[in-house]
**Student:** 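Can you read through this structure? Questions will come right after.
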Amino acid sequence: MLEPQYDGNAVEGEIYRRWEASGFFNPDTCVAKGATKKNAKPFTIVLPPPNVTGTLHMGHAAMLVIEDIMVRYWRMKGRKALWLPGTDHAAIATQSKVESLIYKKEGKNRHDLGREEFLKRVREFAAESHDTIVNQMRRMGASVDWSREAYTLDEARGEAVATAFKRMYDMGLIYRGARIVNWDPKMQTTVSDDEIEWREEKVPLYYLQYGPFVIATARPETKFGDKYVVVHPKDKRYAKYKGGEKLSLEWINGPVIATVVKDAVMDMDFGTGAMTITPWHDATDFEIAERHGLDREQIIDERGKLLPVAGEFAGMKIRDARAAIVEKLRQKSLLVKVEEGYVHRIATSSRGGGRIEPQIKEQWFVAVNKKFTLEKSKIKGIRSGSETTLKKIMLAAVAGGQIEIIPKRFEKIYFHWIENLRDWCISRQIWFGHRIPVWYHRAFAKVSADNGNEMIAGDPPAGGAEMDWAQDPDTLDTWFSSGLWTFSTLGWPLDYARSKPKKGSDLATYHPTDVLETGYDILFFWVARMILMTGALLGDIPFRTVYLHGLVRDEKGKKMSKTDGNVIDPLDMIRKYNADATRLSLVMGAAPGSDIKLSEDKVRGYRNFTTKIWNVGRFVLMHYTPEFANQHAVFSVSDKKHLAGAVKAKREVARFIEKFQFHRAAERAYHYLWHTFADKIIEAKKEDLKDADAKKAAAAYHLLEAILMECLVMLHPFVPFVTEALYQNLPAGGKNFRREREFLMMNPWK
RNA sequence: GGGCGCUUAGUUCAGUGGUAGAACGUCUUGCUUACACCAAGAAGGUCGUAGGUUCGAUCCCUACAGCGCCCACCA
């Protein structure tokens, strides 16, 4: 006899072990064992690889649950279901985490340790995180195919990255150039536009006399070298100054020759409508300089200190220099007025936390607006062999309806983002990551991207004078390797001779993938870049549907964070309640794209539901007697109605799953089991079960058993453990034997 | 500055052009041999505000308010 209380923790580990050992998580094994048809349609999800920066949080748990629901459902539906797991090295995030750990413990920075030793430490940390994460995934019940597990920084992915880099370089899509980048003086690396977090700060706005102009600035400490004054071409106040006109005037460190520039970016209503520019340290200024072919000069060095151009202020940290500079301006009567409380937005690195100082640097870029020829295209609206751009590919894939984003409103956001997209800076000055596959020859002091003799991209130089070649010291943005994830995990490029993958290969079978399920917060970071990379390299889409889930917040709607102490740990919830309850709490009430509010009460509530499922099953099993085994069940009209009702509920659950309405699917199943099956049907049949008439009792029993089976099937994707545990207890033998398969997991969803 | 979303029972949220739904919570009653992590039942909402379309709107349209999010080159 089963215990009335279902103890998930006592059975989940063993159930998972048996599932895993059976090999059924691997679609090839399903086919080999005859559980899935050989020619079955595939269903593929590649897991968004969690960062190896520690442990899984509720957001990961939500992701695992939603994906597991889909994969379990489609597997039961007979599809060749592949859910491919992996982890992400998360370059900057991991490196910065390890750096701070080492600094706290040993007071050393990465340069003290050296590249090799430091990388060894990062790798150790990453390996440890990996093990933790993988165990957590098992605890959640994720039915991933471990035999295909990948890591964004392993050998196969390295091969993919190098190949991708080389190809895109040859296509003219990757170039090296001096461009303004977001420089993080703290981490000593560039940071992409999307990795920036903006903070508002109230600062004084200084009005400075610049010859006949008055200019407004929040950053007087960058103004030393300014020799261009910009106004709007239509600004009547400055109509008497012609573009290109030179003026001699007194400035911070003495007289300068200033040139008037007219550009329409100017906002005539802001300040005085005139400003000077510092192209080396400001993106807007850089663009103005580009447009008009102006000189640029570096004012601030990579550590955030002023360069000799600052005269007496050279060597000072910019932050400390401001007051002194303002004082000097005042003494020279160049300070017209100060407006307090001006709200200024400052950029910080979302990964490293440092304050961004834009710099012009030699970096590697992916050109998003450059025309190139796409040899083979399966993307709607872009013909094979036609000229296109990466931006157009990204737009076409979604605009043509080939990729559907759920919920739909994110498509607009996506388009808007693409329109504003600029060339993607892919090089990082950190050590942990894919080293840029470019070698420079010693004999050429100056590296030029235009001349193939001076550099090799993509392949290490062949033998011989190896000593003469030095590899680029930088590494690639982590999203470069993540962008390849849907196909680098499926055998590309080894499997990708010419333009067509080998028949029967993973790539041919499982790509494009069916669903990419992730949080809406990385729509741009990742989803857009996968579309870009897959378009450029395969001429195809990476996935057909993008399902975006919301952020998991605390019960008050606040973001969970360690500093606020409101973090709910998925493992805690599993230990305290069980895995199924934790899973349900992340699905129920969670509409696509909207944030999920989670509280421990909610988990407890669904733990109660798992107990209910257990007791429903227990009740049915309790009334089983061996005589029933061969008893033919005669169902009355109302019995048939009940059974049809269960089938109907199951069909509705299926429809909701297929429409990506997991919250509604779960609710439907929940409600059917509890309020129809348990409250109505079982209650009504209790009398019959006690009846002395064996036939009547058998019919009642078989009805309940039949409905229980339907319930277990429709609930399984949501609560796989408790349903599997019950299934394993169902009676075997006799013609009413309903346990058709070794596992409920492989039971067909008819 | 531009865009998007949300506003429905105490709470968290579903939902639909035709007299309002769930879960949790609350209250009442029951230790009826599946389950007290339970059962039976009850209370509780003019579906943000103001207009409009319609035979009829919580659902469609317009405006407004509050909250939240995203994007952006106001120095």
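Here is how names work: the chains are called A, B, and so on, in the same order as the sequence lines, proteins then strands, and each is numbered from 1. Hydrogens, waters and symmetry mates play no part in the numbers below; they use all other heavy atoms, side chains included.
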**Student:** Parallel under 30°, tilted from 30 to 60°, perpendicular over 60°: which one fits the rings of A:H675 and A:H671?
**Tutor:**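 Geometry flag for A:H671 against A:H675: tilted rings.
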**Student:** Return no unless some side-chain N or O of A:N615 is found under 4.0 Å from OP1 or OP2 of B:C38.
**Tutor:**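 For B:C38, OP1/OP2 do not have a side-chain N/O of A:N615 under 4.0 Å.
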**Student:** Could you check how far CG of A:N608 sits from C1' of B:A39, rounded to whole Å?
**Tutor:**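 So the CG-C1' distance, A:N608 to B:A39, works out to 14 Å.
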**Student:** Tell me the partner of B:U53, counting only Watson-Crick (N1-N3 plus N6-O4 or O6-N4) or G-U wobble (N1-O2 and O6-N3) with both under 3.5 Å; none if nothing fits.
**Tutor:**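 Here B:U53 is not engaged in any pair, so there is no nucleotide opposite it.
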**Student:** Could you tell me whether a side-chain N or O of A:Q5 sits under 3.5 Å from a main-chain N or O of A:D7, the two making a donor and an acceptor?
**Tutor:**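 No; judged by distance alone, with no hydrogens or angles, the pair does not exist.
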**Student:** Taking any heavy-atom pair under 4.0 Å as a contact, classify A:K686: base, sugar-phosphate, or nothing.
**Tutor:**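 Result for A:K686 = base.
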**Student:** Would you measure the distance from the P atom in B:U16 across to the matching atom in B:G56 and give it in whole Å?
**Tutor:**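 It comes out at 22 Å once rounded to the nearest Å.
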**Student:** Under 3.5 Å, sequence neighbours excluded: what are the donor-acceptor pairs made by side chains of residues 718-725 of chain A?
**Tutor:**
| from | atom 1 | to | atom 2 | distance (Å) |
| --- | --- | --- | --- | --- |
| A:T723 | OG1 | A:V719 | O | 2.7 |
| A:T723 | OG1 | A:P720 | O | 3.1 |
| A:E724 | OE1 | A:W19 | NE1 | 2.8 |
| A:E724 | OE1 | A:L744 | N | 3.2 |
| A:E724 | OE1 | A:M745 | N | 3.1 |
| A:E724 | OE2 | A:Q728 | NE2 | 2.8 |
| A:E724 | OE2 | A:L744 | N | 2.8 |

**Student:** Any carboxylate oxygen within less than 4.0 angstrom of a Lys/Arg side-chain nitrogen, looking at A:R655 and A:E658?
**Tutor:**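 Salt bridge between A:R655 and A:E658, a charged N being under 4.0 Å from a carboxylate O: no.
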**Student:** If only side-chain N and O atoms of A:K597 are considered, is one of them under 4.0 Å from the OP1 or OP2 phosphate oxygen of B:C13?
**Tutor:**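 Yes, such a contact exists.
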**Student:** Measure from the side-chain N and O atoms of A:K391 to the backbone N and O of A:A367, and report whether any donor-acceptor pair falls under 3.5 Å.
**Tutor:**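 No; zero donor-acceptor contacts below 3.5 Å.
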**Student:** Provide, to the nearest angstrom, the distance between the CZ atom belonging to A:F410 and the P atom belonging to B:G5.
**Tutor:**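 Computing the A:F410:CZ to B:G5:P distance gives 10 Å.
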**Student:** How about A:Y238 and A:F213: are their ring centroids closer than 6.0 Å?
**Tutor:**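 Yes, ring centres under 6.0 Å apart.
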**Student:** What is the distance from CZ of A:F677 to P of B:C38, rounded to the nearest Å?
**Tutor:**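 Distance check: A:F677 CZ to B:C38 P gives 18 Å.
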**Student:** Partner of B:C73 by Watson-Crick or G-U wobble geometry, both contacts under 3.5 Å, or none?
**Tutor:**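 No nucleotide pairs with B:C73.
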**Student:** For A:F677 and A:Y672, take the angle between the two ring planes, folded into 0 to 90°, and tell me which bin it lands in: parallel under 30, tilted 30 to 60, perpendicular over 60.
**Tutor:**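 Taking A:Y672 first and then A:F677, their aromatic rings lie parallel (interplane angle under 30°).
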**Student:** Does B:A34 have OP1 or OP2 sitting under 4.0 Å from an N or O in the side chain of A:Q5?
**Tutor:**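 Looking at the OP1 and OP2 atoms of B:A34, neither is under 4.0 Å from any side-chain N or O of A:Q5.
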**Student:** Under a 3.5 Å cut-off for both distances, is B:C38 Watson-Crick or wobble paired, and to whom?
**Tutor:**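 B:C38 is paired with B:G30.
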**Student:** I'd like to check the side chain to side chain donor-acceptor pair (under 3.5 Å) partners of A:W251; sequence neighbours left out, ordered by chain and number.
**Tutor:**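 Per chain and number, A:W251 pairs via side chain to side chain donor-acceptor pair (under 3.5 Å) with no residue.
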**Student:** Any residue in residues 583-594 of chain A with a heavy atom nearer than 4.0 angstrom to RNA chain B? Just list them by number, or reply none.
**Tutor:**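 Residues of residues 583-594 of chain A that come under 4.0 Å of RNA chain B are, in numerical order, A:G589, A:A591, A:S594.
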**Student:** So that I can tick it off, tell me whether A:K648 and A:E710 are bridged by a salt bridge, with the cut-off set at under 4.0 angstrom between side-chain N and carboxylate O.
**Tutor:**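 A salt bridge is absent here (no side-chain N lies under 4.0 Å from a carboxylate O).
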**Student:** Say you draw a straight line from OH of A:Y342 to OG1 of A:T217; how long is it, rounded to the nearest 0.5 Å?
**Tutor:**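 Answer rounded to 0.5 Å: 9.0 Å.
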**Student:** Is any side-chain N of the basic residue among A:K685 and A:D639 closer than 4.0 Å to the acidic one's carboxylate O?
**Tutor:**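 A:D639 and A:K685: salt-bridged.
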**Student:** Is any side-chain N or O of A:K612 closer than 4.0 Å to OP1 or OP2 of B:A39?
**Tutor:**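 Yes, A:K612 has a side-chain N/O under 4.0 Å of OP1/OP2 on B:A39.
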**Student:** When you compare B:C55 with B:G10, how far apart are their P atoms, in angstrom units rounded to a whole number?
**Tutor:**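 Rounded to whole Å, the distance is 35 Å.
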**Student:** Go through the N and O atoms of the side chain of A:R409 and the base of B:C4, and report whether any donor-acceptor pair is under 3.5 Å.
**Tutor:**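 It does not, because no donor-acceptor pair links the side chain of A:R409 to the base of B:C4 below 3.5 Å.
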**Student:** State plainly whether the residues A:E683 and A:K680 are in salt-bridge range, i.e. N to O under 4.0 Å.
**Tutor:**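 Judged by the 4.0 Å cut-off on N to carboxylate O distance, A:E683 and A:K680 do not form a salt bridge.
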**Student:** How far, in whole Å, is B:G48 from B:C6 if one measures between their P atoms?
**Tutor:**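 Comparing P positions in B:C6 and B:G48 gives a spacing of 12 Å.
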**Student:** Counting Watson-Crick and G-U wobble pairs only, both distances under 3.5 Å, name the nucleotide matched with B:C47, or none.
**Tutor:**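 With both distances under 3.5 Å required, B:C47 matches none.
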**Student:** Would you measure the distance from the C1' atom in B:A72 across to the matching atom in B:G3 and give it in whole Å?
**Tutor:**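 Rounded to whole Å, the distance is 10 Å.
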**Student:** Between P on B:A39 and NZ on A:K680, what's the gap in Å once rounded to a whole number?
**Tutor:**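 Going from NZ in A:K680 over to P in B:A39 covers 11 Å.
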**Student:** Looking at B:G68, which nucleotide sits across from it as a Watson-Crick or G-U wobble partner, both distances under 3.5 angstrom, or is there none?
**Tutor:**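 By the stated definition (distances under 3.5 Å), B:C4 pairs with B:G68.
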**Student:** Within the 4.0 Å limit for protein heavy atoms, which parts of nucleotides 25-33 of chain B are touched? Write it as a string from 5' to 3', B for base, S for sugar-phosphate only, - for none.
**Tutor:** ---------
**Student:** If we take the C1' atom in both B:C60 and B:A22, what is their distance in whole Å?
**Tutor:**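 Straight-line distance between the two C1' atoms is 26 Å.
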**Student:** Using the C1' atoms only, state how far B:G1 lies from B:C73, rounded to an integer number of Å.
**Tutor:**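 It comes out at 12 Å once rounded to the nearest Å.
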**Student:** If we count only N and O atoms by modelled type, under 3.5 Å, do the side chains of A:H232 and A:D263 hold a donor and an acceptor together?
**Tutor:**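 Side chains of A:H232 and A:D263: no pair found under 3.5 Å.
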**Student:** Check the orientation of A:F660 and A:F662. Use parallel for under 30°, tilted for 30 to 60°, and perpendicular for over 60°.
**Tutor:**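 It falls in the perpendicular class, over 60°.
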**Student:** Categorize A:R664 for me: base, sugar-phosphate, or nothing, with a 4.0 angstrom heavy-atom threshold over every strand shown.
**Tutor:**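 Touches sugar-phosphate only.
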**Student:** Can you tell me how far OG1 of A:T625 sits from CZ of A:F628, rounded to the nearest 0.5 angstrom?
**Tutor:**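 Atom-to-atom, A:F628:CZ and A:T625:OG1 are 4.0 Å apart.
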**Student:** Determine the Euclidean distance between corresponding C1' atoms of B:C61 and B:G2; express it in Å to zero decimal places.
**Tutor:**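 Here B:G2 and B:C61 have their C1' atoms 23 Å from each other.
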**Student:** Find the distance between OH (A:Y547) and OG1 (A:T518) and round it off to the nearest 0.5 Å.
**Tutor:**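 Interatomic distance, A:Y547 OH to A:T518 OG1, rounded to 0.5 Å: 11.5 Å.
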**Student:** Please measure how far the C1' atom in B:C74 lies from the corresponding atom in B:G17, and state the result in whole Å.
**Tutor:**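 So the two C1' atoms sit 46 Å from each other.
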**Student:** Which part of the nucleic acid does A:H663 contact within heavy-atom distance under 4.0 Å: base, sugar-phosphate only, or nothing?
**Tutor:**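 A:H663: backbone/sugar contact only, no base atoms under 4.0 Å.
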**Student:** Using Watson-Crick or G-U wobble geometry with both distances under 3.5 Å, which nucleotide pairs with B:C24?
**Tutor:**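 Pairing partner: B:G10.
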**Student:** Could you tell me the separation between the OH atom of A:Y6 and the P atom of B:C38, rounded to a whole number of Å?
**Tutor:**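 So the OH-P distance, A:Y6 to B:C38, works out to 16 Å.
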**Student:** Measure NZ/A:K408 against C1'/B:G5 and give the value in whole Å, please.
**Tutor:**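 In whole Å, B:G5 C1' lies 17 Å from A:K408 NZ.
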**Student:** Check whether the side chain of A:K412 and the base of B:C4 form a donor-acceptor pair under 3.5 Å.
**Tutor:**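 There is none.
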**Student:** Can you confirm whether A:K262 is buried at NZ, in the sense that more than 12 heavy atoms of other residues, nucleotides or ligands lie under 6.0 Å from that atom?
**Tutor:**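 It does: A:K262 NZ has more than 12 such atoms within range.
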**Student:** Using whole Å, what does the distance between atom C1' of nucleotide B:A34 and atom CD of A:E687 come to?
**Tutor:**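 Distance, rounded to whole Å: 15 Å.
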**Student:** Would you give a per-nucleotide map of nucleotides 69-75 of chain B, 5' to 3', where B means the base has a protein non-hydrogen atom under 4.0 Å away, S means only the sugar-phosphate does, and - means neither?
**Tutor:** -SSBBBB
**Student:** Rounded to whole angstrom units, what separation is found between the CZ atom of A:F415 and the C1' atom of B:C4?
**Tutor:**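 Checked: the CZ to C1' distance equals 15 Å.
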**Student:** Pairs under 3.5 angstrom, nitrogen or oxygen only, protein versus nucleotides 21-23 of chain B, please.
**Tutor:**
| from | atom 1 | to | atom 2 | distance (Å) |
| --- | --- | --- | --- | --- |
| B:A23 | OP1 | A:H675 | NE2 | 2.9 |
| B:A23 | O3' | A:Y670 | OH | 3.4 |

